[in-house]
Amino acid sequence: MRIIARLDVKPPYVVKPVHYEGLRKIGKPKELALKYYRQGADEIIYIDIVSSLYQREILLDEIKEASEDIFVPFGVGGGVESIDDFSKLFHYGADKVIINTNAIKNTNIIDEASKIFGSQAVVVSIQAKKWDKNFECYTDCGRIPSGKDVIEWVNEIQDRGAGEIILSSIDCDGRQRGFELELIDKVINNSKVPIIVGSGAGNLEHILEVTKLKPDGIAIASMLHYDKTTITEIREYLIKNGVEL
Amino acid sequence: MKVGVLNYKIAGNIHSIKKALLTVGANIVEINSESDFKNIDKLIIPGVGSFSDAISEIELIREVLIENIKSKPTLGICLGMQILSKIGFEFGKTDGLGLINAEVKAIECDGSIPHMGFNSIEIVKNSPLFNGVDENSKFYFMHSYEVVNYTDILSLTTYSNHKFVSSIEKENIFGVQFHPEKSRKDGLKIFKNFLKL
């Protein structure tokens, strides 16, 4: 199980939204990426959270700078619209490219990108919100409902060649009150590709709780940004509690 | 001493490999055409995309590439190791470079595919590539296909009860299924060892 540090970036700062609203500045992407790499993160995720929303270009130099001293996989997303964007991001230091909004708008991009770059480099991010008994996918930084059911979408993107899914919950994100376990359980049981779960970790028990559902990776943001814990401490705690990392 | 890094035109994500090589003090030449092979002493073949796409991308330089692999210390990484095989079965059946006696097949096991994340390796024979590499070291894997080979195995890795070949060595040719450029200090150590060959 991978422990992944997640940086939500509104260049030039890493920010932490609560429910995808109300941004707080945390620090510079390069410094935080290096800090979490040194703590032993298995991966770093960098999401430019405003490029898709404001339809502005992806800021490549910021990404290159942040990836410079990181020798673990660096996943980058936010505003990815075309095969050319994938290509550019790989040239600027991404090892995987994360796509959400534009995968929903133009689903074929998943097929094309996985054929050219390999499935392992194509990651689909899902922002889910509970609606009655089901979960719905949202786009544009958690603001716009897409009408797509999460489980149907999970099946579709796997068939199209996505190599990994990052699953976030709009209801739980940034609240630090625990993960959306019902959603996570459903998605993991419907998926062959690795699932990275995020949104909601507030203490070590929350993290231990979600490991029981056997995700392939856990993305942590707030707890690290506010120095409530370190990756080293999470790793030690999970090992002590019998989790295989 | 110059290390050539083979570039693929479309996919081209060799940035991480170049960065790791520079970190361990390598002098890099990016190989974009046949003439770039002239002054290199060693060769690194990254892996990007699918077996069939990679093979078609290198079609124009195939002969000179094979000649260079045979005559210089060479390290294939991930798909870069896989294409050294005789045949690949990703998006149909494709002839590989035929330099190692192996076939490339989809991983079959109960775990999630792609196999992604850090995993350990079980080194089965002594090799300068793994000099000073601790037996508990972990390396980053991200692949859906594996090399099936029985003669040149350097290490094995177990994923979800399935054992597969995680590195090979045949004379001057080395291949690793994992990504040294994404495997912290242990990965950089492999590049250092490769530079010393």
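Below, read A as the first sequence line, B as the second, and so on, with proteins coming before strands; counting in each chain starts at 1.
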Undergrad: I want to know whether B:Tyr140 and B:Phe178 have ring centres closer than 6.0 Å.
TA: no
Undergrad: Please state whether the side chain, the backbone, both or neither of A:Ala41 comes within less than 4.5 Å of a heavy atom of chain B.
TA: backbone
Undergrad: Counting only heavy atoms closer than 4.5 Å, note whether A:Asp216 contacts chain B via side chain, backbone, both or neither.
TA: side chain
Undergrad: State, yes or no, whether a side-chain contact exists between B:Asn161 and B:Cys109 at a heavy-atom distance under 4.5 Å.
TA: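 Side chain of B:Asn161 against side chain of B:Cys109, heavy atoms only: no contact under 4.5 Å found.
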Undergrad: Between B:Leu65 and B:Leu43, is any pair of side-chain heavy atoms under 4.5 Å apart?
TA: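 With C-beta onward as the side chain, the pair touches.
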Undergrad: Check this for me, if you would: do B:Lys2 and B:Asp36 make a salt bridge, where the nitrogen-to-carboxylate-oxygen distance has to be below 4.0 angstrom?
TA: no
Undergrad: Measure the shortest side-chain to side-chain distance between A:Lys88 and A:Leu60 over non-hydrogen atoms and say whether it is less than 4.5 angstrom.
TA: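 They are in side-chain contact.
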Undergrad: Strictly below 4.0 Å, N to O, side chains only: are B:Lys18 and B:Glu30 in salt-bridge contact?
TA: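 Salt bridge flag = yes for B:Glu30 with B:Lys18.
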Undergrad: Is it the backbone or the side chain of A:Ile195 that comes under 4.5 Å from a heavy atom of chain B, or both, or neither?
TA: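 A:Ile195 has no heavy atom closer than 4.5 Å to chain B.
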Undergrad: Under a 4.5 Å cut-off applied to non-hydrogen side-chain atoms, are A:Phe117 and A:Phe86 in contact?
TA: yes
Undergrad: Decide yes or no for A:Ile218 and A:Phe179: does some side-chain heavy atom of the first lie under 4.5 Å from some side-chain heavy atom of the second?
TA: yes
Undergrad: As an exercise: rank A:Ser67, A:Ser119, A:Ser114, A:Ala113 by heavy-atom pairs under 4.5 Å with chain B and give me the winner.
TA: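 Among A:Ser67, A:Ser119, A:Ser114, A:Ala113, the one with the most close pairs to chain B is A:Ser67.
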Undergrad: Looking at side-chain heavy atoms only, is the closest gap between A:Asp85 and A:Asn102 below 4.5 Å?
TA: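 No; the side chains remain at least 4.5 Å from each other.
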Undergrad: Centroid-to-centroid, B:Phe164 to B:His143, below 6.0 Å?
TA: yes
Undergrad: Between A:Ser191 and chain B, with a heavy-atom cut-off of 4.5 Å, which part of the residue counts as in contact: side chain, backbone, both or neither?
TA: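 Neither; nothing under 4.5 Å.
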Undergrad: Where along residues 114-138 of chain B does a heavy atom come under 4.5 Å of chain A, listed by residue number?
TA: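 Listed by number: B:Pro114, B:Met116, B:Gly117, B:Phe118, B:Lys138.
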Undergrad: Heavy atoms only, distances under 4.5 angstrom: which of A:Gly93, A:Pro194, A:Pro73 has the most pairs with chain B? Name it, please.
TA: A:Pro73
Undergrad: Determine the option with the most heavy-atom pairs under 4.5 angstrom with chain A, choosing from B:Ser112, B:Ser144, B:Pro180.
TA: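 With the most close heavy-atom pairs to chain A, the winner is B:Ser112.
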Undergrad: Judged by atom type as modelled, is there a donor-acceptor pair below 3.5 Å linking the side chain of B:Glu169 to the main-chain atoms of B:Leu154?
TA: no
Undergrad: For residues 182-197 of chain B, give me every residue with a non-hydrogen atom less than 4.5 Å from any non-hydrogen atom of chain A.
TA: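 From residues 182-197 of chain B, the residues near chain A are B:Lys182, B:Ser183, B:Arg184, B:Lys185, B:Leu188.
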Undergrad: Name the region of A:Glu43, side chain, backbone, both or neither, that has any atom closer than 4.5 Å to a heavy atom of chain B.
TA: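 Only the side chain of A:Glu43 comes within 4.5 Å of chain B.
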Undergrad: Judged by atom type as modelled, is there a donor-acceptor pair below 3.5 Å linking the side chain of B:Glu90 to the main-chain atoms of B:Phe51?
TA: yes
Undergrad: Closer than 4.0 angstrom, basic N to acidic O: yes or no for A:Lys115 and A:Asp111?
TA: no
